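Everything on this sheet refers to the single structure shown next.
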2 protein chains.
Amino acid sequence: MRPLQARLKSIGIMLDEDIAILDRLQRRTRDYPAGCIVQREKGRMEATRIVVTGWAIRFRTTPDGHRQIVNFLLPGDSIGLYGALFEKSDSGVELITDATLAEFPCAELMDLFRESARLGAALCWIGGQDERFLEQQILRIGALNATSRIAHLLVELQQRMLAAGAAPADAMTMPITQKLIAEALGISHVHANRCCRKLEKRGLIETGQQGLTLLEPTELKSICGYQSSAGPATDLPEASLRRLGRSTG
Amino acid sequence: MRPLQARLKSIGIMLDEDIAILDRLQRRTRDYPAGCIVQREKGRMEATRIVVTGWAIRFRTTPDGHRQIVNFLLPGDSIGLYGALFEKSDSGVELITDATLAEFPCAELMDLFRESARLGAALCWIGGQDERFLEQQILRIGALNATSRIAHLLVELQQRMLAAGAAPADAMTMPITQKLIAEALGISHVHANRCCRKLEKRGLIETGQQGLTLLEPTELKSICGYQSSAGPATDLPEASLRRLGRSTG
DNA sequence: CGCTTCCTTGATTTATGTCAACGTGCGTGG
DNA sequence: CCACGCACGTTGACATAAATCAAGGAAGCG
C-alpha cells in the first residue's frame with residue numbers, strides 16, 4: 001500500500017472506496033534523482049505532489065546564503081497541498097535521495113474535496129499534522145541543546161516512518177547526513193559531528209555509508225524529553241467521523 | 001470590520017454574502033482577562049475560536065519546564081481551526097492582553113464549508129498562512145543571531161497587524177514584553193534585554209510601559225534580511241478564484 | 001507597605017561557531 | 001587502470017555569542 005494510504009488508514013475513517021480514489025489520484029508517478037530541486041523558493045506551484053518513495057527537505061535561504069531546513073518530507077508527505085490557494089511557495093523542496101513522486105494538478109485535489117467529504121477532512125488532517133511537525137521543529141530549535149535536538153529529530157523521523165507504513169526494522173535507518181542534520185537544527189556541521197559522535201560512543205546511534213541508524217530509540221527519547229503527539233488512532237473525534245460518514249452520501 | 005474579514009477581504013474573493021456569513025459565525029463573543037489560558041497543552045479542543053481583539057501566544061512546554069512560544073496570535077488569527085479533526089491540542093494558548101474571542105462549535109465550521117466553497121478555501125488559506133508563520137519562526141530561530149531574530153520577529157508582527165486591518169500608526173506599537181520575546185526566540189531574557197537595548201540605542205525601537213514601538217521598520221528589515229512573503233492580493237491564483245466562484249451555486 | 005513582574009547591568013562560565021587540516025570513499029574522465 | 005576532484009566525516013585549537021549568576025531599580029497592585 002502507498003504510504004499516504006497507510007497514514008490515512010491508521011486514523012480509521014478510510015473506506016475501500018476512499019482508498020481507490022487515492023490510488024487513482026496517485027496513478028501518475030515520476031522518478032527523480034537525488035539532489036533534484038522539485039520546488040524552487042519563491043517559485044510557482046504548478047502541481048501537487050505526494051512523496052511515494054524517497055526523502056526530501058523543505059528549506060528556505062537567508063539573503064546571506066544560510067540554508068535552513070524547515071522540515072523533512074517522507075513517503076506519504078505532500079508537496080504543495082495548498083497549491084490551489086497560493087500562487088507561490090515561500091520554501092523550496094529538494095530531494096535528498098532518489099525519489100518517486102505522484103503528481104497531479106492542484107485542481108484535482110479540489111474535485112476530490114467534492115467527491116468525498118471524508119477524504120477532504122483526511123487531507124486537512126494531513127495538513128494539520130504538517131503544522132504539528134513544524135511546531136515540533138520550533139520546540140527543538142528553540143528549547144533544546146544541540147545533542148537533544150539531534151535525538152529529538154531522529155526520534156520524530158522514526159515515528160513518522162512508522163506512521164507511513166515502514167516496517168519497524170526499516171524505520172531504524174534513515175538516509176540523512178550530518179550536514180543535513182546541522183542545516184535542520186541550526187547548528188554548525190562541525191558541532192553536529194561532535195554531538196553525533198558522542199551519541200555513537202554511547203551506543204545510541206550508528207553511522208554507516210548508507211545513512212544513520214537508531215540503536216536505542218527509547219534512550220534517545222529520554223535524553224531529549226520527547227513527547228509523542230496524540231496518537232492518530234484516537235485522534236479523530238468520533239463525532240466528526242459520524243458527521244463525515246453521513247455527508248458523503 | 002472584524003479583523004478576520006479584513007484579512008480575507010484583502011485576498012479579493014470575498015462577496016458581501018460571505019462577509020455576512022463570517023459575521024454570523026462570529027456573533028457570539030466572550031471577553032477574557034490577560035493571562036488566561038484559553039487552551040491547555042494536551043487538552044481537549046472544545047470550540048473553535050477567533051481572536052477579535054487582543055494578543056495571545058501559542059506555546060509548548062518541555063519536561064524540564066522550559067516554555068517555547070511557537071507563534072503569536074493576533075486579531076484575525078484562529079485557535080483550533082482544525083478542532084474537528086484533532087481530539088487534542090499539542091500546544092497551549094495563553095492570552096497576553098485582555099482579549100475578545102469569537103467562539104463557535106467546531107462543527108459549525110464544517111457546515112460553513114458546505115455553505116460556501118469560497119469561504120472554505122479562504123479558511124484553508126488562513127491555515128496555510130499559519131504554516132508560513134511557523135516556517136518564518138523556524139528560519140529566525142535556526143538561521144539568525146539574537147539581534148536579527150528580534151528584528152525579524154518585530155517586523156513580521158507589524159506586517160500581520162497591518163494585514164488584520166490595523167491603522168499603520170497602531171501597527172507600530174505591540175503589547176509584548178522582553179520576556180515573551182525571549183521565550184519566542186529561544187534566548188535568555190537577559191540576552192533579549194541586551195539586544196533590545198542595543199536596538200533602542202540605535203533608535204530603531206522604543207520600549208515604554210504599554211509595550212514596544214517600532215521606529216524604523218525599514219532599517220529593522222535590512223538588519224535581519226527580512227523577506228516579505230508573497231503578498232495576499234496577488235497570491236490566490238485567478239484560476240482557483242473562478243473555480244470557486246462557480247461551485248458556490 | 002510588601003509583593004510581584006518586568007527591566008537593567010556587570011562578572012563569569014559555557015556552549016557553540018569558526019578556522020584549519022586531514023582521511024575516506026566515490027564517481028568521472030583521461 | 002590511475003589521477004583527480006568532490007562531498008562527507010573527523011579532530012584540534014581558538015574565538016565568540018549567549019547563558020548563567022547575581023544584584024538592584026522601577027512600576028503596578030493588593
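What you are looking at is a predicted structure, and each value in this text was computed from that prediction instead of being measured. Chain naming here is simple, since letters A, B, ... match the order of the sequence lines and numbering starts at 1 in each.
In this structure, B/Thr177 reaches the sugar-phosphate backbone alone: every heavy-atom distance under 4.0 Å involves primed, P, OP1 or OP2 atoms, never a base. Nucleic acid contact for A/Gly186: sugar-phosphate only, since backbone atoms but no base atoms lie under 4.0 Å from a heavy atom of the residue.
The CD atom of A/Gln178 sits 14 Å away from the P atom of C/dG17 (whole-angstrom rounding). At whole-Å resolution of the value, CD1 in B/Ile176 and P in C/dC6 are 13 Å apart. For B/His189 and C/dC6, the NE2 to P distance is 10 Å, given to the nearest whole Å. We find that CD1 of A/Ile187 is positioned 17 Å from C1' of D/dT16, with the value rounded to whole Å. Spacing between atom CG of A/Asn145 and atom C1' of D/dA17 amounts to 16 Å, rounded to whole angstrom units. The CG-P distance, from A/Leu144 to D/dA18, rounds to 18 Å in whole Å. At whole-Å resolution of the value, NE2 in B/His191 and C1' in C/dT8 are 15 Å apart. The interatomic distance linking B/Leu212 (CG) with C/dT8 (P) rounds to 10 Å, in whole Å.
In the set D/dT20, D/dG9, C/dT18, D/dG9 carries the atom at the smallest distance from any side-chain atom of A/Lys179. Taking every side-chain heavy atom of A/Ser188 into account, C/dG17 is the closest of C/dG17, D/dA19, C/dA20.
End-to-end axis angle of the helix from C/dC1-D/dG30 to C/dG30-D/dC1, from C1' rotation axes over five pairs per end: 40° (rounded to 10 degrees).
Judged purely by distance below 3.5 Å, without hydrogens or angles, the side chains of B/Ser89 and B/Glu41 never pair a donor atom with an acceptor atom. Counting only N and O atoms by type, the side chains of A/Thr213 and A/Thr173 include a donor and acceptor under 3.5 Å apart. Between the side chains of B/Ser91 and B/Arg58, a donor-acceptor pair is found at a separation under 3.5 Å.
Cation-pi check for A/Arg160 over A/Phe133 is met; the charged atom lies under 6.0 angstrom from the ring centroid and within 45 degrees of its normal.
What you find for B/Ala143 and A/Gln68 is that their closest heavy atoms are N-OE1, 3.8 Å.
Classified by interplanar angle (parallel below 30°, tilted 30° to 60°, perpendicular above 60°), the ring pair A/Trp55/A/Phe72 is perpendicular.
With respect to A/Gln26, the side-chain hydrogen bond (donor to acceptor under 3.5 Å, both in side chains) criterion is satisfied by exactly one of A/Arg2, A/Arg49, A/Gln5, A/Glu103: A/Gln5.
The shortest side-chain heavy-atom distance between A/Leu4 and A/Asp77 does not fall under the 4.5 Å cut-off.
Distance alone, capped at 3.5 Å, is enough to place a donor-acceptor pair between the A/Thr48 side chain and the A/Gly80 backbone.
Of the residues in residues 193-209 of chain A, A/Asn193, A/Arg194, A/Arg197 come within less than 4.0 Å of DNA chain D through at least one heavy atom, sorted by number.
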